[in-house]
2 protein chains.
Amino acid sequence: MLSQKAKYAMRALLYLAQAQPENPVFISEIADQQSVPKKFLELILLDLKRHGLVHSYRGKKGGYALAKTPDQIYFGQVIRIIDGPLAQLPCASRTAYRRCDDCENEQTCEIRQVMLQVRDSTARILDNTSLADVMVKGTAELVEGAGI
Amino acid sequence: MLSQKAKYAMRALLYLAQAQPENPVFISEIADQQSVPKKFLELILLDLKRHGLVHSYRGKKGGYALAKTPDQIYFGQVIRIIDGPLAQLPCASRTAYRRCDDCENEQTCEIRQVMLQVRDSTARILDNTSLADVMVKGTAELVEGAGI
DNA sequence: CATTAACTCTAGTAAATAAGTAGGATATCA
DNA sequence: TGATATCCTACTTATTTACTAGAGTTAATG
């Protein structure tokens, strides 16, 4: 399951994507408009900032703005930052591979075989769908629109 | 993430799939061979039984056996029984749809759009890959072999 | 130049979930 | 009827999730 935190992150990013990058938006504005707990959102935006997705400005006229254009921010990256690897098993992750502690033989593991397929098809979607892809377009041809 | 419980369930089913259905297997044998905590495995098999995936026999010569042939048991069903819906969001599930509590407008929700795509591509794999599909075959052509 | 209002950062906390354990009840076979 | 298997309810312990609190830092402004 996607965490609440990841949903908040996506909502915040989509909100920032609608704003002008030259006018940073207050955390409190995003929190109010998207009904996200403000203090929680602070932590989330900080995390997104550390990973280079947003810029922040301190002081009285501070706020947040996207660090890239909406077509350069992919859902896969956001989810990895907030929730960790896309794969359902550590041993099926390609960006954060880890052995399963209790796995006898990874080469022949039937579960891993299946979950690798799932992780790949998931990543194919999430790493090719940007904020821009879902902002204007309807639900049709989303994946094709992402260049697959 | 796939729960440990779901992994145990799959391992147990794959183990039963290798056995003759006319000779039920003791929980203790599966637990030993697959290194699954026995009492925990009891609960898991009971759950799989209630959902019709396995048969059980009580008393001294009791044990468990598959209730279907391995080509009729799909990973999707196993995961749904043990871990719940495949979708990453309640509102993106097709077998167990539920509204997200904090969603303003489901029709226009960008996050849902994306997660619906992910859930569909995941289900396409998991609901078309059976125990039999991974038992003999190698890793190549897994999905094609499942009839996609 | 002090005040105000924004972001930054470290902790802490309550509730839910995950991963088991314990132990008795029930069924079957020899 | 005793041994040994599954069945079932309840409990426990650790981790994770979803926040909250509060002090610190930075920058505009009157």
Side-chain angles (χ1 to χ4, degrees), chain A residues 1-12 16 19 23-32 34-67 79 81-85 88-90 100-102, chain B residues 1-12 16 19 23-32 34-67 79 81-85 88-90 100-102:
Chain A
M1 275 283 170
L2 205 65
S3 71
Q4 190 66 18
K5 195 172 176 181
K7 280 203 278 182
Y8 289 158
M10 294 178 189
R11 286 211 226 140
L16 290 178
N23 296 66
V25 180
F26 297 146
I27 294 179
S28 53
E29 179 183 333
I30 307 175
D32 287 352
Q34 297 293 314
S35 20
V36 177
K38 188 192 161 199
K39 291 295 282 181
F40 196 28
L41 184 56
E42 285 184 10
L43 301 181
I44 294 167
L45 287 170
L46 214 46
D47 209 356
L48 295 178
K49 175 198 167 167
R50 294 200 180 104
H51 285 88
L53 294 194
V54 295
H55 283 315
S56 73
Y57 304 92
R58 301 180 69 164
K60 201 155 182 178
K61 302 195 97 178
Y64 274 93
L66 291 189
I79 293 178
I81 290 170
I82 303 294
D83 282 350
Q88 306 263 40
L89 289 179
C100 289
D101 340 337
D102 62 340
Chain B
M1 277 282 170
L2 204 65
S3 70
Q4 191 67 17
K5 196 173 176 180
K7 281 204 277 182
Y8 289 159
M10 293 179 190
R11 286 212 226 139
L16 290 177
N23 296 66
V25 180
F26 296 144
I27 293 180
S28 53
E29 180 184 333
I30 307 175
D32 288 352
Q34 297 292 315
S35 22
V36 177
K38 187 192 161 197
K39 293 294 282 182
F40 196 28
L41 184 56
E42 285 185 14
L43 302 180
I44 295 167
L45 286 170
L46 214 46
D47 210 356
L48 295 178
K49 175 197 168 167
R50 294 198 180 107
H51 285 89
L53 293 193
V54 295
H55 283 314
S56 73
Y57 305 93
R58 303 180 68 164
K60 202 156 181 177
K61 302 195 96 178
Y64 274 93
L66 291 190
I79 293 177
I81 291 170
I82 303 294
D83 282 350
Q88 306 262 42
L89 290 178
C100 289
D101 339 340
D102 62 341

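Sequence lines set the chain letters: A, B, ... in the order given, protein chains first and strands last, and positions in each chain run from 1.
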Atom CD1 of B/Ile44 and atom C1' of D/dT6: how far apart are they, to the nearest Å? 15 Å
Taking side chain as C-beta onward, heavy atoms only, is A/Met10 less than 4.5 Å from A/Ile82? no
Rounded to the nearest 0.5 Å, what separation is found between the OH atom of A/Tyr64 and the CD1 atom of A/Ile30? 8.5 Å
CG of A/Leu2 to OH of A/Tyr8: how many Å apart, nearest 0.5 Å? 12.0 Å
Cut-off 3.5 Å, no hydrogens considered: what does the side-chain donor-acceptor table look like for residues 34-55 of chain B, sequence neighbours left out?
| residue | atom | partner | partner atom | Å |
| --- | --- | --- | --- | --- |
| B/Lys49 | NZ | B/Ser56 | OG | 3.0 |
| B/His51 | ND1 | B/Asp47 | O | 3.0 |

A/Asp102 atom CG is separated from C/dA19 atom P, nearest whole Å, by 11 Å
What I'd like to find out is whether the side chain of A/Pro24 reaches to under 4.5 Å of the side chain of A/Lys61, using heavy atoms alone. no
Interatomic distance, B/Asp47 CG vs C/dA19 P [rounded to whole Å]: 14 Å
As an exercise, state the distance from CG of A/Asp83 to CE of A/Met1, rounded to the nearest 0.5 Å. 12.0 Å
If only side-chain N and O atoms of A/Tyr8 are considered, is one of them under 4.0 Å from the OP1 or OP2 phosphate oxygen of D/dA18? no
Rounded to the nearest 0.5 Å, the CD atom of B/Gln88 sits from the CD atom of A/Gln88 at a distance of 6.0 Å
Contact pattern, 5' to 3', of nucleotides 6-17 of chain C - B, S or - by protein heavy atom under 4.0 Å: BBBBB-------
Please give me the minimum heavy-atom distance between B/Gly62 and B/Phe26, naming the atom from each residue. O-CE2, 3.4 Å
So which protein nitrogen or oxygen atoms get under 3.5 Å of nucleotides 15-17 of chain D's nitrogens or oxygens?
none

